[in-house]
There are 2 protein chains.
Amino acid sequence: MGQTAEKTRARLRAASEAVRGELPLGRILDGDCIEAMRTIPDASVDMIFADPPYNLQLGGDLSRPDGSHVDAVTDHWDQFDSFAAYDKFSREWLTEARRVLRPNGSLWVIGSYHNIFRLGAMLQDMGFWILNDVVWRKANPMPNFKGTRFTNAHETLIWCSMGEKAKYTFNYRAMKTLNDELQMRSDWVLPICGGQERLKKGGHKVHPTQKPEALLYRVMLATTNKGDVVLDPFFGTGTTGAVAKRLGREWIGCERESLYREAALERIELALPLDESAVTTMQSPRAATRVAFGALVETGWIAPGTVISDKKRKVQATVRADGSLVCGADSGSIHGLGAKLQGAPSCNGWSYWHVEHEGEIKPLDAIRQLYLLATED
Amino acid sequence: MGQTAEKTRARLRAASEAVRGELPLGRILDGDCIEAMRTIPDASVDMIFADPPYNLQLGGDLSRPDGSHVDAVTDHWDQFDSFAAYDKFSREWLTEARRVLRPNGSLWVIGSYHNIFRLGAMLQDMGFWILNDVVWRKANPMPNFKGTRFTNAHETLIWCSMGEKAKYTFNYRAMKTLNDELQMRSDWVLPICGGQERLKKGGHKVHPTQKPEALLYRVMLATTNKGDVVLDPFFGTGTTGAVAKRLGREWIGCERESLYREAALERIELALPLDESAVTTMQSPRAATRVAFGALVETGWIAPGTVISDKKRKVQATVRADGSLVCGADSGSIHGLGAKLQGAPSCNGWSYWHVEHEGEIKPLDAIRQLYLLATED
DNA sequence: GGCGACTGTGAATCGTTGT
DNA sequence: TACAACGATTCACAGTCGC
């Protein structure tokens with residue numbers, strides 16, 4: 001690594017720490033979320049989770065997102081007027097969200113069919129890059145009492161990065177582990193928020209649309225790292241904050257209703273952080289110790305001259321002293337030669353090549369695991 | 001009832017019959033769907049099902065972990081220069097769709113996150129009234145081969161009427177019957193189209209995105225009546241036509257690729273009108289519930305940090321945030337770590353691991369049962 | 001015929017790092 | 001910034017073949 005790159009990285013790290021010092025970590029900013037977000041520095045948060053109001057078209061009285069009243073006229077013009085107001089509000093908070101997100105940060109938005117399509121189209125128009133739409137399939141939704149439509153049994157989340165080429169955090173291995181060794185899918189079955197978890201005051205629910213902690217838990221575990229800063233512009237009763245605390249993430253909230261702020265602070269105070277070991281998640285092999293194939297050769301786990309083959313033993317190659325392989329006139333690394341022999345653009349030599357070991361034919365990766373176990377610490 | 005109203009109704013019925021005579025029922029209109037729809041009279045069809053191009057914007061080639069190639073949708077009809085071009089195209093065909101729909105008709109659109117948000121926002125802007133968004137949860141989606149995102153395991157349908165006050169057809173009772181006497185929900189679990197149903201020619205699929213008949217079956221049974229006219233502007237290989245025939249609905253298609261038109265006509269010719277068995281072969285969403293260990297962790301049934309053990313409490317492990325276990329230097333899923341610690345090739349973690357619960361030591365499976373009871377519909 | 005092993009495939013915005 | 005090297009990564013079905 002060049003000295004210049006090293007210095008650049010160090011400077012960025014220092015700048016990042018300086019910005020972090022300015023952040024209102026663990027605080028709920030009072031007031032309108034757009035105004036509140038304006039006090040947060042550029043490119044300073046790692047993830048935003050937003051559960052914006054969807055108070056649209058609910059029949060009866062209609063109010064704009066800014067709180068002003070819309071006449072209960074339901075002609076086409078008025079619909080347009082109300083959509084336009086909602087779009088304006090959405091564009092404003094999304095603009096601030098985009099400004100405060102780091103280049104490698106990501107944004108989650110949750111909504112229902114009333115608003116999610118407008119939000120999704122707007123995200124695309126603003127340059128966000130949709131990574132997945134995720135369906136929260138409610139295990140116990142409210143039935144459709146009138147029997148006039150399908151039971152509205154899900155909500156939609158959109159997860160997006162800052163742009164097509166932007167990087168983002170995705171803890172693939174942790175998600176796979178969480179889902180019993182199967183890839184996590186885009187449809188999540190989770191119960192709605194109720195029971196002990198549902199905040200109540202005087203027998204009434206404090207917030208009409210409190211989200212279950214399990215939902216935020218999965219979002220945060222999937223797309224942030226320990227210590228990351230998570231911002232929730234529509235904090236409500238603080239589900240995001242409570243889960244962030246439990247998972248060792250930093251949080252910032254925006255909320256204009258004092259009732260919600262108070263309930264949230266009390267709740268987060270009571271939330272117990274997990275200890276270090278519990279927050280640790282399964283790492284991808286990439287993040288774990290890297291082993292060069294050559295290391296197995298020079299330490300004697302695989303002797304030079306060993307003949308290795310593909311699983312069906314149709315293709316064979318010989319290991320050379322420097323860890324390269326040779327097969328007829330062809331030679332190369334375990335990956336390169338594997339790709340060449342298959343005529344494939346790429347190949348993972350660790351899983352393609354096999355070797356006899358204790359009477360069985362095993363992939364190289366198995367030998368690598370043994371090597372890792374033996375040389376650990 | 002007034003005589004005038006009676007006369008008005010009779011006149012409308014006669015007009016309706018006259019219009020029906022002009023309709024190209026049971027025919028596939030050749031050419032661009034916008035041009036083709038222009039030949040259809042105003043207010044003459046009862047339901048439109050549209051499966052437009054998704055504008056996937058795919059990058060380079062994609063290969064599977066085993067090196068084989070993924071046969072992606074690279075057809076010219078899915079290529080658009082920009083979101084603006086896609087929007088223009090969408091607005092044009094939706095304008096024609098709105099014109100030919102009867103006042104009490106309804107429209108279905110299916111899409112993925114690439115296009116569905118744009119379509120949904122456009123529908124709202126045009127005055128359509130969204131009745132439900134419906135999620136088709138694929139039982140067997142293609143995995144995410146590179147481990148970079150959540151498995152894209154669903155597509156979204158939007159069902160809308162002509163306006164907020166417009167009437168529409170919804171066969172509530174039929175849906176409830178189809179769903180084991182439970183209200184039909186907005187999430188439908190159905191397999192993708194494959195096996196005998198998938199049209200093939202020379203060993204290759206005729207159409208890259210053929211929809212399963214079960215999907216159209218449910219759409220049509222829910223939102224049309226027998227004898228209604230159903231229009232599909234993106235007819236493809238005619239799933240809509242085949243299901244319409246089976247269910248005793250009239251159909252009209254638009255399709256510009258002659259290869260698809262020919263396959264569709266042949267297929268619809270072979271389709272049999274509905275027999276009773278077709279109803280009973282529909283999938284029930286009450287399939288066996290699968291629970292991942294991670295689900296118990298994120299919903300709080302088992303807290304991260306909990307120490308679990310084998311039945312004799314000789315081996316202990318700690319639960320981490322992602323549902324993995326850690327025991328000394330070893331870690332893994334409940335199944336994997338259990339196997340590793342026993343030196344066994346495999347292990348059922350649900351029965352191997354135990355946890356203290358209400359003073360007793362119980363297998364994880366007991367907690368899973370409690371979870372299932374609590375979250376059951 | 002039955003069962004298990006093996007193969008093929010589906011609307012997919014599918015990599016990272018160092019030179 | 002382009003290029004090359006490294007190396008990480010798949011689930012549910014359906015169909016076929018062989019024992």
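For the numbers below, each heavy atom of this structure counts, side chains included, while hydrogens, waters and symmetry mates do not.
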At under 4.0 Å between heavy atoms, what does D51(B) touch on the DNA or RNA strands: base, sugar-phosphate, or nothing? base
- Task: Could you tell me how the ring of W108(A) sits relative to the ring of F150(B): parallel (under 30°), tilted (30 to 60°) or perpendicular (over 60°)?
- Result: perpendicular
Separation of dT13(C) atom C1' from Q124(A) atom CD, nearest Å, is 10 Å
- Query: Can you check whether N225(A)'s main-chain N or O pairs, donor with acceptor, with D228(A)'s side chain at less than 3.5 Å?
  - Reply: yes
Notebook entry, point to check: So does R64(B) reach the base of dT9(D) with its side chain, donor to acceptor, closer than 3.5 Å?
Noted result: no
Testing dA12(C), dG7(D), dA11(C) for proximity to the side chain of N348(A), the answer is dG7(D)
Winner on side-chain proximity to N152(B), out of dC6(D), dT9(D), dA12(C), is dA12(C)
Any strand, both distances under 3.5 Å, Watson-Crick or G-U wobble: dA8(D) pairs with none
Taking OP1 and OP2 of dT9(D), is either one under 4.0 Å from a side-chain nitrogen or oxygen of Q183(A)?
-> no
Taken to the nearest whole Å, OH/Y168(A) to C1'/dT13(C) is 10 Å
| message | salt bridge (Lys or Arg N to Asp or Glu O under 4.0 Å) for E181(A) and R173(A)? Distances and angles first, verdict last. | response | CA-CA 9 Å; E181(A) 294 303 311; R173(A) 205 65 200 73; 3.0 Å; yes
- Indicate the ring-plane relationship of W93(B) and F234(B), choosing parallel, tilted or perpendicular according to the 30° and 60° boundaries. perpendicular
*Contact class for G195(B) (heavy atom, under 4.0 Å): base, sugar-phosphate, or nothing?*
sugar-phosphate
Closest of dT13(C), dA12(C), dA11(C) to the F83(B) side chain is dT13(C)
Paired to dT13(C) by Watson-Crick or G-U wobble criteria (both distances under 3.5 Å) is none
query = So, do W129(A) and dT13(C) meet the stacking rule of ring centres under 5.5 Å and planes under 30°?
reply = yes
Pairing partner of dA14(D), by Watson-Crick or G-U wobble and under 3.5 Å for both distances, is dT7(C)
Closest of dC6(D), dT10(D), dA11(C) to the H335(A) side chain is dC6(D)
Could you tell me whether E155(B) contacts a base, only the sugar-phosphate backbone, or nothing, with contacts defined as non-hydrogen atoms closer than 4.0 Å? base
Heavy-atom nearest nucleotide on DNA chain D taken for K146(B) and for S333(A); more 5' hit belongs to S333(A)
Taking dG10(C), dA12(C), dT17(C) as options, the one with an atom nearest any side-chain atom of L62(B) is dA12(C)
